[in-house]
Amino acid sequence: MEEKKLESFKISDTRKPSVRSPKKAEQVELPTESPTLGFKRIEGMLEREDSESVKANLEELKNNLNELAINATSHKEKANAKKAIMAVDRTTALVNFLYETRESLINSTLAE
């Protein structure tokens, strides 16, 4: 059997080197909207939905997660469900605080 000689292979043999000038970064103007800290979803929820419907949705989610934790087939699924339940509890507390703060701000501006 003949041994085939391995030819040396260089990328530069197949491609010509080229130098490209860096493209100038185009200046993009950011839209000037109302000032926000970036929590558009939470802000929208606070403005559009009432606190009772949000609490009901979070309670439903928490109940579904509790069922998932009870019916979990592995310890990993159960642990993940418990972590999600803790996150929903924290979210509920945050949303309640935000609604209370909103109400107190509205009441203070109306009182003036």
Side-chain angles (χ1 to χ4, degrees):
M1 242 202 277
E2 273 183 37
E3 287 186 35
K4 292 184 178 180
K5 261 188 166 178
L6 292 178
E7 296 178 12
S8 64
F9 172 37
K10 297 179 186 174
I11 294 178
S12 63
D13 292 340
T14 60
R15 297 182 142 214
K16 293 183 179 180
S18 60
V19 178
R20 295 182 184 164
S21 62
K23 292 184 178 181
K24 294 180 181 176
E26 295 178 15
Q27 293 182 353
V28 178
E29 289 186 33
L30 297 175
T32 55
E33 295 178 8
S34 62
T36 180
L37 294 177
F39 300 101
K40 292 181 181 181
R41 186 172 181 184
I42 294 175
E43 290 173 358
M45 178 188 62
L46 289 172
E47 292 172 1
R48 285 186 299 251
E49 299 180 32
D50 63 336
S51 64
E52 296 304 317
S53 67
V54 173
K55 287 178 188 178
N57 289 340
L58 289 173
E59 272 304 311
E60 181 182 350
L61 177 62
K62 187 176 174 181
N63 291 336
N64 291 340
L65 289 169
N66 278 326
E67 289 177 21
L68 180 67
I70 291 170
N71 299 328
T73 57
S74 69
H75 293 293
K76 186 175 182 178
E77 286 179 359
K78 191 171 190 169
N80 288 340
K82 294 290 183 182
K83 287 179 186 178
I85 291 169
M86 290 189 315
V88 170
D89 286 338
R90 290 181 186 141
T91 304
T92 304
L94 172 67
V95 168
N96 289 339
F97 173 75
L98 291 174
Y99 274 113
E100 289 170 6
T101 304
R102 179 176 175 238
E103 290 300 318
S104 67
L105 288 173
I106 290 172
N107 291 338
S108 69
T109 56
L110 291 177
E112 292 177 356

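Position 1 is the first residue of the sequence; numbering continues from there. It should be emphasised that the depicted structure is a prediction, and the values quoted were computed from it without experimental measurement.
- Residues Val95 and Met45 form a side-chain contact, since some pair of their non-hydrogen atoms from C-beta on lies under 4.5 Å apart.
- In this structure, CD on Glu60 lies 11.0 Å from CG on Leu65, to the nearest 0.5 angstrom.
- Separation of atoms CZ (Phe39) and CG (Leu46) is listed at 12.0 Å; rounding is to 0.5 Å.
- Heavy-atom minimum distance, Val54 versus Tyr99: CG2-OH, 3.5 Å.
- With rounding to the nearest 0.5 angstrom, the NE2 atom of His75 is 13.0 Å from the CG atom of Asn80.
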Dump the intermediate steps for side-chain hydrogen bond (donor to acceptor under 3.5 Å, both in side chains) on Asp50 and Ser53, then the final yes or no.
CA-CA 6 Å; Asp50 63 336; Ser53 67; 2.7 Å; yes

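- Clustering of Ile, Leu, Val, Met, Phe, Trp and Tyr side chains at separations under 4.5 Å places Leu110 together with Ile106.
- Going from atom CG of Asn57 over to atom CD of Glu49 covers 6.5 Å, rounded to the nearest 0.5 Å.
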Contacts table for residues 83-90: side-chain donor-acceptor under 3.5 angstrom, sequence neighbours left out:
from: Asp89; atom 1: OD1; to: Lys62; atom 2: NZ; distance (Å): 2.8

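- Atom CD of Glu103 is separated from atom OG of Ser51 by 7.5 Å, given to the nearest 0.5 angstrom.
- One distance of note links CG of Leu68 with CG of Asn63; it measures 12.5 Å at 0.5 Å rounding.
- In terms of the side-chain contact (heavy atoms from CB on, under 4.5 Å) criterion, residue partners of Ala72 (sequence neighbours excluded) are, by chain and number, Glu77, Lys78.
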